[in-house]
Amino acid sequence: MSIPSKYDASLVESKWYDYWMKHNYFHSEVDDREPYTIVIPPPNVTGVLHMGHMLNNTIQDVLIRHARLSGKNACWVPGTDHASIATEAKVVAKLKEQGIDKNDLTREEFLAHAWEWKSEYGGIILDQLKKLGASCDWERTAFTMDPEMSDSVIKVFVDLFNKGLIYRGFRMVNWDPEAKTTLSDEEVIYEEKQGNLYYIKYKIEGSDEFLTIATTRPETIFGDSAICINPTDTRFKHLKGKKAIVPICNRIIPIIEDEYVDIEFGTGCLKVTPAHDENDKILGDKHALEVIDIFNEDASLNSFGLHYEGKDRFVVRKEVTKELEEKGFLVKIEVHTNKVGTSERTKAVIEPRLSDQWFLRMEDLVKPAIEAVLGDDPAINLYPKKFENTYRHWMENIRDWNISRQLWWGQQIPAYFYGNGKNDFVVAETKEEAFQIAKKKLSDSTHDLKESFSINDLRQDEDALDTWFSSWLWPISVFDGIRNPENKEIKYYYPTNDLVTGPDILFFWVARMIIAGYEYKSEKPFQNVYLTGLVRDKQRRKMSKSLGNSPDALKLIETYGADGVRVGLLLSSAAGNDLMFDEELCQQGKQFANKIWNAFRLIKGWEIDKTIPQPQTASIGLTWYNAKFQKALAEIEDHFSKYRLSDALMIIYKLITDDFSSWLLEIVKPAYQQPIDATTFNEIVKILENNLKVLHPFMPFLTEEIWHHIARRTPDEALIIANYPIQKDYDNEVILKFDMASAIISGIRTIRKDKNIPFRDPIKLYVINREINNNQFHALIQKLTNTSVIEEVSEKVDGASFRVKSNEYFVPISEENIDVDAEILKLESELKRARGFLTGIQKKLLNERFVQNAPEKVIVLERKKESDTLAKINTILTSLDRLK
RNA sequence: GGGCAAUUAGCUCAGUUGGUUCAGAGCACUUGGUUUACACCCAAGGGGUCGGGGGUUCGAAUCCCUCAUUGCCCA
């Protein structure tokens with residue numbers, strides 16, 4: 001059977017994924033082994049795979065496969081997030097296309113559409129992960145709105161309410177007029193936008209005088225309830241206690257004083273609109289001002305906007321400016337840039353708005369979460385460490401979490417109103433329970449309903465919970481740890497080991513999971529958090545749909561193979577640094593796959609002869625490689641322990657391309673059409689297998705494919721569940737000696753190239769040996785450079801020469817090839833370098849303070865360097881003498 | 001406006017406790033090579049004042065100060 005010389009990923013990847021699925025290797029059950037658990041950051045249920053997911057899930061898969069090979073009970077729990085606002089926005093948009101307005105639907109009707117959407121698109125992203133090779137335990141696939149998950153969320157809400165941590169507050173919230181819902185502070189993105197600063201004058205009541213204020217939002221004058229000046233501002237002293245008249249609507253408002261006003265900014269006068277600005281609200285509360293809400297929920301003006309009623313805020317801004325100008329109230333307009341809050345999801349400009357919302361009191365909840373990450377003996381490690389600062393900053397300045405959303409898609413808040421009063425509600429897991437509690441509450445009260453109260457009088461709060469209020473329970477709820485805290489799964493898998501996610505959701509999700517972990521399990525949810533970078537394009541732009549600079553993930557996999565893409569992503573992704581994605585790296589990954597494939601092809605093609613003895617070269621080469629492999633293995637494991645996966649991969653890459661393919665295979669390769677001895681062959685196969693094992697986490701498909709080509713294997717012998725190579729001590733001496741031999745080989749190759757001596761013409765090598773070096777490697781050098789003899793001499797030999805350490809090597813060459821001038825030039829430049837180096841060392845050694853202060857170890861080293869360099873200089877000098 | 005981080009070869013990045021021949025890797029580039037696994041290959045080679053300036057030290061890419069640029073987070 002002939003094996004194609006090009007590796008074709010598309011022919012093997014789905015085959016092996018099916019095989020792994022069929023034999024259930026991804027599934028984990030509680031057993032006696034040490035668990036290794038990762039919960040996936042659940043992607044949006046209706047999302048599609050983008051580069052960020054690819055990176056993040058590749059990393060998780062590498063960790064999971066590495067753990068599985070290392071004998072741990074690896075469990076990677078997949079799932080999706082209902083992503084309340086994002087999904088609801090998509091469903092609303094789709095309905096709109098069909099001519100259906102959400103407002104015309106009942107909650108039940110809308111949710112039916114949403115679930116339909118979910119069943120159509122939900123899970124696409126999980127199928128895409130399979131293409132990438134993700135070895136998730138698909139039997140455990142969870143969804144944040146699964147009944148058990150929702151039950152857990154409701155249970156937690158009720159519990160926190162009963163603990164007094166959830167309260168209802170009339171507060172200024174971030175209102176998204178597009179989605180018609182509130183957003184948490186974290187969902188608001190501040191963008192610098194160019195706008196205007198409008199100078200508007202207000203008439204002083206009972207006077208002809210005017211007072212000018214500066215505002216960025218002239219349309220909010222309808223909501224003005226005061227003008228504020230700084231009490232220390234002498235310019236306005238005479239206005240104290242007077243009143244001003246709001247232009248257009250002619251309302252009379254007080255002039256108040258507060259130190260809050262910045263004298264330097266604008267005119268030093270501020271109009272106060274408590275309903276539409278957070279700071280104005282604080283002023284309003286302090287000075288007991290009227291609160292006038294001028295907007296509808298879509299940010300069009302309401303009746304307070306008079307003749308502008310029904311028009312959008314930005315339209316009104318233009319029109320009201322015009323009217324003010326016509327009526328002579330507009331003094332001037334200045335260009336002004338300011339930061340404007342926009343919705344993360346809909347991009348709409350946020351409108352600060354006062355409304356009744358549900359809040360979670362954070363102050364006490366964060367305490368154990370701060371300690372867990374920043375304490376003296378942290379239970380949770382962030383990688384890279386720099387995010388600890390960000391974490392600290394956020395956690396120490398945390399504000400109460402607005403957990404209610406004016407959406408339908410999500411868990412409906414389990415608060416039931418029985419009356420119209422602000423506090424006429426109870427919180428319970430079910431309506432029935434709520435009824436019982438309400439009944440009791442009523443019986444102790446003097447409420448009108450007291451006598452006639454029935455369950456039908458209960459009206460559940462319309463709002464749904466913030467999506468993160470369900471995902472913050474994820475590491476617990478996927479193991480049903482909220483509802484059944486003593487079940488064997490939660491006890492076994494929790495706390496999980498590693499969490500891999502992007503730094504953009506450090507607060508949204510990671511911090512809150514830590515909080516929930518301590519509140520509900522009294523234990524961290526995970527041990528390590530690996531924060532990946534954001535994937536950017538070559539021009540450092542964030543990859544986004546709107547820019548269209550994000551490559552199609554599935555197309556990449558088609559072109560380069562999943563293995564190739566995995567390698568491409570990992571080669572450039574140090575933890576926490578953004579990564580400039582470059583398709584060329586996937587190409588490199590693909591070529592690497594081909595390289596290994598061909599190495600395998602070479603070995604597979606050898607004919608074995610059990611009667612021939614093992615050549616010395618092969619034996620030496622194998623000894624060296626085994627030491628080299630052990631050294632690499634130690635480095636790989638070290639990198640794994642520090643989450644330096646790119647470095648681990650790079651070690652393997654170099655091990656396989658350089659050490660294994662370029663050196664070892666060339667060393668043991670039998671002459672053309674000659675058989676190989678059995679000892680060497682068996683050893684090489686073992687080495688190849690070990691290479692495949694360390695590479696498997698990174699390139700699962702290719703390695704499994706070759707693994708099964710090497711020998712017929714039963715499902716119990718699949719590579720995915722093989723035993724990872726065991727670390728052993730290794731002989732560093734043999735590695736150093738080999739390095740010297742390879743330097744000699746390079747020297748000879750350079751001469752062959754410079755002097756145009758083809759490889760097929762044998763050459764002779766003479767050496768003036770000053771190093772303590774046995775001749776162990778001579779046969780190897782001879783084989784790889786086609787050298788007929790290597791002889792020690794005491795005198796220079798005519799021909800080309802080179803030096804390795806203090807040894808001098810000569811290759812006799814025919815007269816016409818000798819270029820004395822070139823040789824001299826080469827030697828002189830070597831000499832110059834060596835002398836410069838020596839000067840540096842000697843300067844140091846002559847410096848008394850160095851000799852006195854530096855540790856003995858360092859001085860000894862410097863002396864050794866000095867003598868080595870002196871020896872080298874002598875070698876060069878004698879060579880030069882002879883040439884001149 | 002406040003905080004955090006980064007700046008090392010053409011590009012993307014390592015450089016761990018200040019001290020091994022420390023100035024590195026991969027890619028790219030230049031030159032040469034193909035009957036003998038792979039041109040998706042092999043070999044050899046060039047390339048950096050470690051962002052600028054100042055300081056600490058016997059010794060600085062590494063520590064400190066300062067300036068510049070860039071990115072991130074927060075308000």
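Letters A, B, ... are given to chains in the order of the sequence lines, protein chains preceding strands, and every chain is numbered from 1. What you are looking at is a predicted structure, and each value in this text was computed from that prediction instead of being measured.
If you measure from atom CD1 of A/Ile603 to atom C1' of B/C38, you get 13 Å, rounded to the nearest angstrom. Taking atom CG of A/Leu506 as the reference point, atom C1' of B/C73 lies 10 Å away to the nearest angstrom. As rounded to whole Å, 11 Å separates atom C1' of B/C13 from atom CG of A/Leu571. Atom CD1 of A/Ile676 is separated from atom P of B/A37 by 12 Å (rounded to the nearest Å). Atoms CD1 (A/Ile745) and C1' (B/A44) sit 14 Å apart, rounded to a whole Å. Put simply, OH on A/Tyr672 is 13 Å from C1' on B/U34, counting in whole angstrom units. Across the protein-nucleic acid pair, A/Lys753 atom NZ and B/U30 atom P stand 13 Å apart, rounded to whole Å. The distance between atom NE2 of A/His639 and atom C1' of B/U16, rounded to the nearest whole Å, is 11 Å.
Taking the C1' atom of each, B/U8 and B/U49 are spaced 12 Å apart, rounded to whole Å. Spacing between B/C27 and B/C63 at atom C1', rounded to whole Å, works out to 33 Å. Taking atom P in both B/A68 and B/G53, one finds a spacing of 15 Å when rounded to whole Å. B/U69 and B/G55: their P atoms are spaced 24 Å apart (whole Å). Rounded to whole Å, the P atom of B/U16 lies 12 Å from the corresponding atom of B/A6. Taking the C1' atoms as reference points, B/U35 lies 16 Å from B/C41, given to the whole Å. One C1' atom belongs to B/G47, the other to B/A39, and the distance between them is 25 Å to the nearest Å. Across the P atoms, B/U34 and B/A43 are found 15 Å apart, a figure rounded to whole Å.
Side chains of A/Phe802 and A/Thr750 form no contact here, defined as non-hydrogen atoms less than 4.5 Å apart.
The side chain of A/Ser661 sits closest to B/A37 out of B/C58, B/A37, B/A43. Taking only side-chain atoms of A/Phe507, from C-beta outward, the nucleotide of B/C74, B/A37, B/A14 with the closest atom is B/C74. You'll find that the side chain of A/Arg601 is closest to B/A37, out of B/A14, B/A44, B/A37. Picking from B/C40, B/C73, B/C27 the nucleotide with the shortest atom distance to the side chain of A/Gln588 gives B/C27.
The partner of B/G1 is B/C74, judged by Watson-Crick or G-U wobble contacts that both fall below 3.5 Å. Across all strands shown, B/U69 pairs with B/A6; the Watson-Crick or G-U wobble distances both stay below 3.5 Å. Pairing for B/C58 goes to B/G19, judged as Watson-Crick or G-U wobble with the two contacts each under 3.5 Å. Base pairing analysis places B/G45 opposite B/C29; the two distances defining the Watson-Crick or G-U wobble pair are each below 3.5 Å. The partner of B/C40 cannot be assigned: no Watson-Crick or G-U wobble pair with both contacts below 3.5 Å exists in any strand.
At B/A37, one or more side-chain N or O atoms of A/Lys669 fall inside 4.0 Å of OP1 or OP2 (strictly under the cut-off). Applying the 4.0 Å criterion to OP1 and OP2 of B/A43, one finds that A/Ser662 has a side-chain N or O inside that range. The phosphate of B/A5 has neither OP1 nor OP2 within less than 4.0 Å of any side-chain N or O from A/Lys385. At B/C40, none of the side-chain N or O atoms of A/Tyr560 fall inside 4.0 Å of OP1 or OP2 (strictly under the cut-off). Distances shown here put a side-chain N or O of A/Gln591 below 4.0 Å from the OP1 or OP2 atom of B/C41.
Residue contacts shown for A/Lys654 are limited to sugar-phosphate atoms, with no base heavy atom under 4.0 Å away. Among the heavy atoms of the strands lying under 4.0 Å from A/Arg644 are primed sugar atoms or P, OP1, OP2 only; no base atom is included. At the heavy-atom level, A/Tyr653 lies under 4.0 Å from the strands shown only through sugar-phosphate atoms.
Donor-acceptor pairing under 3.5 Å, judged by distance alone, is absent between the side chain of A/Lys590 and the base of B/C40. Judged by distance alone with a 3.5 Å cut-off, no donor-acceptor contact links the side chain of A/Glu666 to the base of B/A43.
With the nearest nucleotide of RNA chain B identified for both A/Asn389 and A/Ser5, A/Asn389 has the one nearer the 5' end. For the pair A/Asn594 and A/Ser746, nearest-nucleotide mapping onto RNA chain B gives the more 5' position to A/Asn594.
Note: A/Phe738 and A/Trp663 have perpendicular aromatic rings, judged against thresholds of 30 and 60 degrees for the angle between ring planes. In this pair, A/Tyr643 and A/Tyr383 present their aromatic rings tilted. The plane angle is within the 30 to 60° band. The aromatic rings of A/Phe600 and A/His709 sit tilted relative to each other, their planes meeting at an angle between 30° and 60°.
Pairs passing the salt bridge (Lys or Arg N to Asp or Glu O under 4.0 Å) check and including a residue from residues 559-570 of chain A, sequence neighbours excluded, read A/Asp61-A/Arg566.
Here NZ of A/Lys6 is found 6.0 Å from CG of A/Asn594. Values are rounded to the nearest 0.5 Å. The distance from atom CZ of A/Phe387 to atom OH of A/Tyr530, rounded to the nearest 0.5 Å, is 11.0 Å.
With respect to the salt-bridge test (charged N to carboxylate O, under 4.0 angstrom), the residues A/Glu351 and A/Arg217 qualify.
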